[in-house]
Amino acid sequence: MANTYNFNAGPGALPAEVLQEAQEELRNYQGIGASILEISHRSKAYEGIHYEAQQLIKEMMGLSSDYEVLFLYGGASLQFSMVPINFLTEGKIAGYVHCGTWSGKAWQEAQKIGQTLVLASGEKQSYKQMPDLSNLNIPKEMAYVHLTSNETIDGIQCRSFPDTGHVPLIVDMSSDILSRPIEASRFSLIYAGAQKNLGPAGVTIVIVRRSLLERVPETIPGILSYRTHVNHHSLYSTPPVFSVYMVNLMLRWIVNQGGVQGMAVRNQQKAELLYHVLDNSGGFYKGLAYKDSRSMMNVTFRASSPEMENKLLVELEQEGFMGLKGHRDAGHFRASIYNAVPYEHCKALADFLTEFQKRNG
Ligand SMILES: *Cc1c(COP(=O)(O)O)cnc(C)c1O
């Protein structure tokens, strides 16, 4: 296999061991004589995967029995609509923290369903800094507060979460779920497309507090109702079986790496390697995010001039560094260093950037 280093933003890298395991049991899953792709989602074999994955998420996120774990479809983007359809009911107002592209999209969809209020915005800092969340003014009759924990495109991340009192806190964790420990009991609903930190595209993990389900109107379509999915243990319609299977392999891999704590230590080391190069380049490279908001998952940066950036991009691709061209809306460079990206790959990138500067600085 070619020597490549995968820094794609999403879908992102998967551990080599996980891909190998999937390959080995693709034709004949655990000796049942068929692929996991070819059997009923009501079979014992699939149910084993489904419930194990739910259990591993509950254990690693420290969820109490108040929470249900769902495997939905439609990406994190469907959750932008499902959240307000379920909870932004008549006469209520939903609060949004607007801290970048993805939270902006979530807010935009909610406006189609009901009344919204922006509680904090990162607009003045061009979304390069997390707005201050320590003193949000949250009316107590608010439907919920929505937040994006890691803004994947500009590379900023929440260091701490706001206290919303009795108002449910709903968080899009698509690009940092299970990358660091969180205090799960503070959240009423967490959602995340799997394809960044937790597996392949096709499945969205939704974690919902049971007591929130009382608020879901009876009148909304069944497939869009969290209550429906909870009542059917996330087997209301055919789940994305192969994606759930891959997520389960990835969850076992995380357990073997020391769980979420192990991930957090390594993710921190990986990010520090790269930020260290940017900060010690005498301005040759420039990190784009404010230091207090820097993401441990998406490291965004520029080089000294557009010509130098073009040169760097060409050389990175020649050397096998994939996926470093920033988002089409943000430009520049972005190294996505999710759970599955090895420390050694970050080291190789850090060394290459240093060496490139020596030749061109
Ligand atoms: C990628 C991403 C999304 C969109 O995910 P889809 O599964 O493609 O809908 C939403 N929110 C965040 C924070 C993301 O990084």
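In listed order, ligands and their atoms are each counted from 1.
The protein heavy-atom contact nearest to atom 11 (N) of ligand 1 is Asp172 OD2, 2.6 Å. Counting protein heavy atoms only, atom 15 (O) of ligand 1 is closest to Thr152 OG1, 2.4 Å. At the shortest separation from atom 9 (O) of ligand 1 among protein heavy atoms lies Ser77 OG, 2.6 Å.
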Apply the test salt bridge (Lys or Arg N to Asp or Glu O under 4.0 Å) to residues Glu109 and Lys112: give CA-CA distance (whole Å), side-chain angles for both, the deciding distance (0.1 Å), then the verdict.
CA-CA 5 Å; Glu109 291 305 311; Lys112 298 176 185 169; 3.0 Å; yes
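For the residue pair Asp176 and Asn197, no side-chain donor N or O sits within less than 3.5 Å of a side-chain acceptor on the partner. A donor atom on one side chain and an acceptor atom on the other are found under 3.5 Å apart for Tyr96 and Tyr144.
Near Gly75, meaning under 4.0 Å from one of its heavy atoms, ligand 1 places the atoms 7 (O), 9 (O). Listed by number with element, the atoms of ligand 1 under 4.0 Å from a non-hydrogen atom of Thr148 are 13 (C).
With a heavy-atom cut-off of 4.0 Å, Phe80 touches ligand 1 through its side chain alone.
A salt bridge is absent between Lys105 and Asp172: the closest approach of a Lys/Arg side-chain nitrogen to an acidic carboxylate oxygen does not fall below 4.0 angstrom. The pair Glu317-Lys325 fails the salt-bridge criterion, with no side-chain N (NZ, NE, NH1 or NH2) lying under 4.0 Å from an Asp/Glu carboxylate O.
Legend: residues meeting ring pair (Phe, Tyr, Trp, His ring centres under 6.0 Å) with Tyr285, ordered by chain and number and at least two apart, are absent.
For Asn150, the closest heavy-atom approach to ligand 1 falls below 4.0 Å. The shell of residues lying under 4.0 angstrom from ligand 1, judged by heavy atoms, includes Gln195.
Considering Glu151, Gln79, Lys196, Lys105 only, the shortest heavy-atom separation from atom 14 (C) of ligand 1 involves Lys196. Distances from atom 6 (P) of ligand 1 to the heavy atoms of Ser174, Ser175, Ala76 show the closest one on Ala76.
Looking at every heavy atom in both residues, Ser103 comes nearest to Val97 through CB-O, 3.3 Å.
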